[in-house]
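Quick caveat, the model's predicted, so the values are computed rather than measured.
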Amino acid sequence: MRSTRIAVSAAILGALALPVLSATTASAAPAAAPAALTSSCYDLPPLPYEVHTAAVTIRSKATTKSTALGVLYKSHKFTVHKKSGNWLYITDKTTGVKGWVSGTYVYRDVRMCLS
């Protein structure tokens, strides 16, 4: 009984959606993009690294078992010096602490180029 109701409901929804789908596929060609948006974004500098959590621990070595040297908060500015696997060697510009942070929580956003 329940499967019959589900089948009937699906058939009714399909019948109602068909005119809507066919109307949206017959749309006009997309308008040309403005000249400012058509330039390539590959020549732009890479996006900066950011902390993507509330805070991340700065460690003496690139392992979770090493000594904690400090905390890198979301608002702190920092410089990335080198990368080793998923770990980044950074300098916290706010406190001056140097150490390793996990790349799971500290990474740069990806810019999407549509050209």
* Does the side chain to side chain contact (heavy atoms under 4.5 Å, CB included) test come out yes or no for Trp87 and Thr64, once each step is laid out? -> CA-CA 10 Å; Trp87 290 83; Thr64 56; 4.0 Å; yes
* Kindly give the heavy-atom pair with the smallest separation between Asp92 and Val71, and that separation in Å. => OD2-O, 4.0 Å
* Asked: Given the rule that I, L, V, M, F, W and Y join up when any side-chain heavy atoms are under 4.5 Å apart, are Tyr49 and Ile58 in one cluster?
  -> yes
[atom2] on [Y] to [atom1] on [X], rounded to 0.5 Å:
X	Y	atom1	atom2	value
Thr95	Leu69	OG1	CG	10.0 Å
Lys93	Phe78	NZ	CZ	9.5 Å
His81	Leu88	NE2	CG	11.0 Å

* Structure fact -> Residues pairing under ring-ring contact (aromatic ring centres under 6.0 Å, His included) where one sits in residues 53-77, two or more places apart or in two chains, turn out to be Tyr73-His76
* Set of side-chain hydrogen bond (donor to acceptor under 3.5 Å, both in side chains) partners for Ser66, sequence neighbours left out -> none
For a quick test of your reading: what N or O donor-acceptor pairs under 3.5 Å do the side chains of residues 98-107 make, sequence neighbours left out?
residue : atom : partner : partner atom : Å
Ser102  : OG   : Thr104  : N            : 3.1
Ser102  : OG   : Thr104  : OG1          : 3.2
Thr104  : OG1  : Asn86   : ND2          : 3.0

* To do: Let me know which of Thr94, Thr53, Ile90 forms a side chain to side chain contact (heavy atoms under 4.5 Å, CB included) with Leu72.
  => Ile90
